[in-house]
Amino acid sequence: MSEKREEIRREPPMRGPGGPMGPGRGPGRGGPGGRFAQTVEKPKNAGQTLKRLVKYFKKEINMVVSLIVVVVVVVALSIVAPNLQSKAIDSITVGEFEALPRILVIMLGVYLVSAGFTWGQTIISARLSQRIVKHMREELFDKIVKLPIKYLDRHPHGDVMSRMTNDIENISNTVSQSLGSLVGGLLTITGTVIMMVSLCWELACISCITVVLTVVTTKLLSTKMRLFYRRQQRLLGSLNSTVEEMVTGYKTVVAYNHQEIVYDEFARTSEEYKKVGIKAEALGGSMGPIMNLINNIGFVIIAAFGGYFAINGMISIGIISAFIIYAKQFGRPINEIAQLYGQIQTAIAGSERVFAILDEQEEDKGGSHNMENAKGVISFRNVNFGYIPEKQVLFDFDLEIKNGQKVALVGATGSGKTTVVNLLMRFYDVDSGEILIDGVNIKDINCDELRKHTAMVLQDTVLFSDTVRNNLKYSNLNASDEEMEQAAKLSNCHGMITKLKNGYDTELVEAGQNLSQGQRQLLTIGRAFLANPTILILDEATSSVDTRTEKNIQNAMVNLMKNRTSIIIAHRLSTIQDADVIVVMDKGRIVETGCHDALISRKGRYYELYMTQFAGNTI
């Protein structure tokens, strides 16, 4: 589709969340360093996005309620446990050993129940996140397959795939990790404050010093670390890009002796990545020791002031022990919530990108007219079209194709040949004018009906990682094995298939990479034959096969094209000399029409193209 690609290539490149080339070409979202390593992406409209996300949670309301109940139980037990420990210590201190066994048994029960409910929280969170993401993933995929061709043409495929993979995965991780942590954190903070104040409000106020230090330190360090990790991720993306390009284009690299150049480029980036990585890891590794230092300072403060209060009879030794645990318990959720902030922001931003596709307009399938008795008479009337408004591709295009005619479109690259086919297939709609089939505007024909009666073979072969049999039957799932083999014989690929290890049941590896280019093209032609179409479109269908195979295909096509309207796009003029009508295009306009002999005798544009190919003349 050279014309379309040329137009779209002029648009500014779009960058997906995984980098310019989408997944695999940019840095990962997590990257080194865990949560602090994440590049925080801020959503444009967080409130609206959250409202839409809540709708998915409503579908799993029973599981959400179960998760909240479990979290409440876990938090309640975690708040009760230090108080029980305080009583146990006080019992030992005052010598009341009779009550100690009962307290210890209760403590053991609390710890066991807490462990069980914590495990349950993990299971419920995982199930909740996977169910929600399953709904989103299925909706997104269903939407993608219903999008118009022009959307996927104008958006990088890597970006679309990134929304299905990276963004969905981010949402899944956030739901599984954040919901329970947020609810549990808020409840833990509230419950811990209540317990600390009830035990000793003076010591509770003093304990807040370490909480403030924790929050401030976390914010400062995370900000610094994100700067390094963002740079590290960009360099990692560059390394991945260099490796991928070298592997995929290795023959070209070797052919031009650029191994040293490629290595030097990789080594420079690798060296910079090493230096940044050392700084990032060193700073990231400092978080744990610094937090431990703050916690230890907190323990010293509580022990000092607690000891003073205990000497003066304000509190017991057990309360000091409880305060040490509560102080640690109070700071942990604050730290976790601060860390989760970036992850939540990134997940919401990813949700926006997912919702952006879900909000795209689906392909307009057109009217309800059917083509049961279609003859294949095609009329282009004053058609004007451009892939982008700034540049028109077709100008007042008029063409009448009779029933059963074999029409060839020829012309230089960018003349508009493939655009004609795109409009006929309703991959795009005309800007003005109309296209008729049997006198009916194609906008009044349902797209599914139109494409059911039209078979198309492209220059770029498209096969699937499945058996040869299923690839052939892709155009007609109800075809019998006899019909499939007949189509294979007509396309001269039956002999090639029977020589494969498992014949028609041979698995195609990586969409046919275990076959030659010519063999793959033969299979796509056989697939088109099996569709038994009213209209047949061949877009450079024989460009990838050798001369002998091309001749065999042409012989088979003679029978196939009987009583069928056929449109052939070809640069190799030897393949279309027997066409009923040859349409010569130049810069989006028809400049000549006629049969081969008539066009040669006119010595016009077609003559120039023909002589360039067969006589070696220059234009």
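Residue indices begin at 1 and follow the sequence shown.
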* Residue among Ile124, Val65, Val75, Thr122 satisfying side chain to side chain contact (heavy atoms under 4.5 Å, CB included) with Val70 -> Ile124
* **Nearest heavy-atom neighbours spanning Leu128 and Glu60** => CD1-CB, 3.7 Å
* Mark yes when over 12 heavy atoms from residues, nucleotides or ligands other than Lys143 sit less than 6.0 Å from its NZ; otherwise mark no. => yes
* Any luck finding a side-chain donor-acceptor pair between Tyr387 and Asn422 under 3.5 Å? -> yes
* Asked: Yes or no on side chain to side chain contact (heavy atoms under 4.5 Å, CB included) for Lys134 and Gln130, after CA distance, side-chain angles and deciding distance?
  -> CA-CA 6 Å; Lys134 175 179 177 289; Gln130 290 303 318; over 6 Å; no
* Structure fact -> Applying side-chain contact (heavy atoms from CB on, under 4.5 Å) to Val254 and not counting sequence neighbours gives Tyr250, Gln259
* Heavy-atom donor-acceptor pair, Thr524 side chain to Gln521 backbone, under 3.5 Å -> yes
* So, the side chain of Glu265 versus the backbone of Val262: is there a donor-acceptor pair under 3.5 Å, distance only? -> no
* Asked: Does the Thr192 side chain pair with the main chain of Ile189, one donor and one acceptor, at a distance under 3.5 Å?
  -> no
* To do: Would you confirm whether Ser114, through its side chain, and Tyr111, through its main-chain N or O, come within 3.5 Å as a donor-acceptor pair?
  => no
* **Donor-acceptor side-chain pairing of Tyr428 and Asp153 below 3.5 angstrom** => yes
* To do: Count the heavy atoms of every other residue, nucleotide or ligand shown that sit under 6.0 Å from CZ of Phe305, and state whether that count exceeds 12.
  => no
* Just wondering, are more than 12 heavy atoms of other shown residues or ligands nearer than 6.0 Å to NZ in Lys59? -> yes
* Are Thr467 and Asn470 close enough that a side-chain donor and a side-chain acceptor fall under 3.5 Å? -> yes
* Distance from Leu239 atom CG to Phe266 atom CZ, nearest 0.5 Å? -> 5.0 Å
* Minimum heavy-atom distance Ala322-Ser86, with the two atoms named -> CB-CB, 3.7 Å
* Asked: Rounded to the nearest 0.5 Å, what separation is found between the CD1 atom of Ile325 and the CG atom of Asn83?
  -> 10.5 Å
* pair Asp466-Tyr474: side-chain heavy atoms closer than 4.5 Å -> no
* To do: Taking the side chain as every heavy atom from C-beta outward, state whether Leu140 and Met136 have any pair of such atoms under 4.5 Å apart.
  => no
* **Distance (rounded to the nearest 0.5 Å) between Leu358 CG and Leu147 CG** => 9.0 Å
* Asked: With a 4.5 Å limit on heavy-atom distance, are the side chains of Ile320 and Phe323 in contact?
  -> no
* Just by distance, do the side chain of Lys274 and the backbone of Thr269 share a donor-acceptor pair under 3.5 Å? -> no
* Structure fact -> Taking every heavy atom of Phe464 against every heavy atom of Leu508, the minimum-distance pair comes out as O-CB, 3.8 Å
* Short question: side chain of Arg520, backbone of Leu515 - any donor-acceptor pair under 3.5 Å? -> yes
* How close do Leu187 and Ile79 get, heavy atom to heavy atom, and via which atoms? -> O-CD1, 4.2 Å
* **Distance in Å, Leu53 CG paired with Glu352 CD, rounded so as to fall on 0.5 Å steps** => 9.5 Å
* **Test side chain to side chain contact (heavy atoms under 4.5 Å, CB included) applied to Ser125 and Leu67, step by step** => CA-CA 7 Å; Ser125 295; Leu67 177 61; 3.4 Å; yes
* Structure fact -> Taken to the nearest 0.5 Å, the spacing of Met196 CE from Ile206 CD1 works out to 10.0 Å
* **Between NZ on residue Lys146 and CD on residue Gln361, distance to nearest 0.5 Å** => 14.0 Å
* To do: Using a 4.5 Å cut-off on heavy atoms from C-beta on, say whether the side chain of Val276 contacts that of Leu235.
  => yes
* Side-chain donor or acceptor of Ser172 paired with backbone N/O of Ile168 under 3.5 Å -> no
* Asp142 and Arg137 ion-paired at < 4.0 Å -> no
* Can you check whether Leu523 reaches Asn471 side chain to side chain, under 4.5 Å on heavy atoms? -> no
* Compare all side-chain heavy atoms of Val72 with those of Val183 and state whether any distance is below 4.5 angstrom. => no
* To do: State whether a side-chain donor-acceptor pair under 3.5 Å links Gln121 with Thr118.
  => no
* Measure across Ile89 and Ser321 and return the closest heavy-atom pair with its distance rounded to 0.1 Å. => CD1-OG, 3.1 Å
* **Ala267 backbone acceptor or donor facing Ser270 side chain under 3.5 Å** => no
* salt bridge (Lys or Arg N to Asp or Glu O under 4.0 Å) evaluation trace for Lys275 with Glu272 -> CA-CA 5 Å; Lys275 293 178 180 178; Glu272 188 176 357; over 6 Å; no
* Structure fact -> Nearest heavy-atom approach of Phe309 to Cys200 is CD1-SG, 4.2 Å
* Donor-acceptor contact below 3.5 Å, side chain Arg163 vs main chain Arg353 -> yes
* To do: Taking the side chain as every heavy atom from C-beta outward, state whether Met456 and Phe427 have any pair of such atoms under 4.5 Å apart.
  => yes
* Do Met164 and Ile144 touch side chain to side chain, with heavy atoms closer than 4.5 Å? -> yes
* Are any side-chain N or O atoms of Asn514 and backbone N or O atoms of Val509, one a donor and one an acceptor, separated by less than 3.5 Å? -> yes
* Asked: So does Phe141 have more than 12 non-hydrogen atoms from other groups sitting under 6.0 Å from CZ?
  -> no
* Asked: Do you know which of His135, Arg131, Glu139 makes side chain to side chain donor-acceptor pair (under 3.5 Å) with Tyr56?
  -> Glu139
